[in-house]
Amino acid sequence: MFSPINGFKNYSKQAIQAARYIGQGFIVTIDHMNRLPITIQYPYEKLIPSERFRGRIHFEFDKCIACEVCVRVCPINLPVVNWELKKTIKKKQLKSYSIDFGICIFCGNCVEYCPTNCLSMTEEYELSTYDRHELNYDQTALGRLPISVIEDPTIETLSNLISLSKGVMEGHSNLRNITLT
Ligand code: SF4
Ligand code: SF4
């Protein structure tokens with residue numbers, strides 16, 4: 001049978017539970033107030049890519065021997081190597097070279113296996129365009145040196161949070177550094 005004492009006990013229990021949940025919520029909020037923001041104000045702020053970042057590929061036309069190793073090791077046979085055989089010197093002569101970054105998965109296999117090191121991965125990651133056909137880079141586009149975010153005076157660069165030492169998080173330069181517990 002329902003008694004007022006049991007009802008009061010239940011009500012008290014629920015009130016204590018609710019207060020505990022509210023307290024836990026406040027603790028989480030206070031904990032996050034002590035942290036720096038992870039998001040950045042792109043494009044006015046940019047992260048400095050890590051040393052091993054795999055961005056747009058750079059190609060040196062003069063060093064390429066048209067061996068097509070890059071095509072064979074590419075999971076999708078992507079690089080297009082156009083060459084002709086020079087019978088007088090009995091050597092291949094490179095005519096054109098292209099990589100479509102609309103398809104490339106930036107695995108780095110071509111860079112890894114190129115025997116003459118004419119391919120390298122840059123820190124360039126801003127490849128967006130309105131027309132996907134513009135992502136098909138020929139040897140001229142591939143030969144352009146990347147623009148480092150550090151050299152751009154209009155951009156505020158931020159350290160890559162992932163590349164920092166364990167427990168240290170250096171966020172926006174105008175904010176203080178904190179050490180995570
Ligand atoms: S592997 Fe290197 S040298 Fe050979 S075709 Fe590709 S880019 Fe040229
Ligand atoms: S990075 Fe990978 S997917 Fe892109 S061209 Fe090289 S081997 Fe192919």
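Indexing begins at 1, ligand by ligand and atom by atom, following the structure's order.
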Engineer: Could you label the plane-to-plane angle of the Phe59 and Tyr97 rings as parallel, tilted or perpendicular, counting under 30° as parallel and over 60° as perpendicular?
Structural biologist: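 Taking Tyr97 first and then Phe59, their aromatic rings lie parallel (interplane angle under 30°).
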
Engineer: Under a strict 4.0 Å criterion on non-hydrogen atoms, which protein residues are in contact with ligand 1?
Structural biologist: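 The answer is Phe59, Cys64, Ile65, Ala66, Cys67, Glu68, Val69, Cys70, Tyr97, Cys114, Pro115, Thr116, Cys118, Leu119, counting any residue whose heavy atom sits under 4.0 Å from ligand 1.
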
Engineer: Using only atom types and a distance under 3.5 Å, with no angle test, would you say the side chain of Asn109 pairs donor to acceptor with the backbone of Val73?
Structural biologist: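 Yes, the answer is positive, given that a donor and an acceptor are paired below the 3.5 Å cut-off.
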
Engineer: Does any non-hydrogen side-chain atom of Leu47 lie less than 4.5 Å from one of Phe53?
Structural biologist: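 Not touching, per the 4.5 Å side-chain cut-off.
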
Engineer: Indicate yes or no for a side-chain donor-acceptor contact from Arg56 to the backbone of Leu142 under 3.5 Å, with no hydrogens or angles considered.
Structural biologist: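 Side chain of Arg56 to backbone of Leu142, a donor-acceptor pair under 3.5 Å: yes, one is there.
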
Engineer: Using a 3.5 Å distance criterion without hydrogens, assess whether the side chain of Lys92 forms a donor-acceptor pair with backbone atoms of Ala66.
Structural biologist: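 Yes, Lys92 side chain to Ala66 backbone: donor-acceptor pair under 3.5 Å.
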
Engineer: Any ion pair linking Glu123 and Lys46 (charged N to carboxylate O, less than 4.0 Å)?
Structural biologist: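 No, this pair does not count.
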
